[in-house]
Asks: 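I'd like to ask some things about the structure below.
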Amino acid sequence: MATTKASSKDLSNLFHDTLKDIYFAEKKILATLPKMAKAAQSRDLKAAFEKHRGQTEEHVARLEKVFAVIGKKPVGKTCAAIMGITEEGAEIMDEYKGAAALDAGLLAAAQAVEHYEISRYGTLRTWAAELGYNEAVNLLELTLSEEKETDAALTQLAESAVNVAAEAA
Ligand SMILES: [Fe+2]
Ligand SMILES: [Fe+2]
């Protein structure tokens, strides 16, 4: 019966579903960052991708702790958004291979990823607080701040060397 099904879909279900979404996304990002680091021409951009790959390992581990807080096994659920965003990144790597604008394109793709993560972690942190998962709030907050720092670092790279190089070519 539809009403029974709808009533079982409360905020804790939504929290769990969204946790599965970002868990899938983080694992996808973990697999994608080494490819982006390899493709990047600028040494600084390569270093930024490699640094964030290390942080992303932590993000996966923190999410596993959040699953434990709510008494669930860490399981991912295909996230169509991250599949689309990483697919666009792969297109840029392919289409701009060897081109001066490659790094600018990689930066743009990486920032789309960070913005997606910032959106998800912001939402999850708010819901965790509403649901009284206090330990989860702290874990989600830590990752959220690293995603924001990464986004800011990428903006700085975009405004300095990378875009200047693309314009000069
Ligand atoms: Fe992350
Ligand atoms: Fe990230």
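As the structure lists them, so they are numbered: ligands from 1, and atoms in each ligand from 1.
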Asks: Between Arg62 and Glu57, does at least one N-O distance fall below 4.0 Å, as a salt bridge requires?
Replies: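 Looking at Glu57 together with Arg62, the answer is no, because their closest N to O distance does not fall below 4.0 Å.
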Asks: Do any N or O atoms from the side chain of Lys72 and from the backbone of His16 form a donor-acceptor pair under 3.5 angstrom?
Replies: no
Asks: Return yes when at least one N/O/S atom of Glu26 is nearer than 2.8 Å to the Fe ion (ligand 2), and no when none is.
Replies: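 It does not: Glu26 brings no N, O or S atom closer than 2.8 Å to the Fe ion (ligand 2).
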Asks: Quick one: closest heavy-atom pair of Gln41 and Ala100, and the distance?
Replies: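 Residues Gln41 and Ala100, closest heavy atoms: OE1-O, 4.2 Å.
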Asks: So, 2.8 Å as the limit: is an N/O/S atom of His59 located closer than that to the Fe ion (ligand 2)?
Replies: no
Asks: Give me the one residue out of Glu114, His59, Glu149 that meets side-chain hydrogen bond (donor to acceptor under 3.5 Å, both in side chains) with His52.
Replies: Glu114
Asks: With rounding to 10 degrees, what does the angle Glu117:OE2 / the Fe ion (ligand 1) / Glu147:OE2 come to?
Replies: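 Here the angle at the metal atom is close to 80°, to 10°.
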Asks: Under 2.8 Å from the Fe ion (ligand 1) - does any N, O or S atom of Glu114 fall there?
Replies: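 No, Glu114 does not qualify, because none of its backbone or side-chain N, O or S atoms lies under 2.8 Å.
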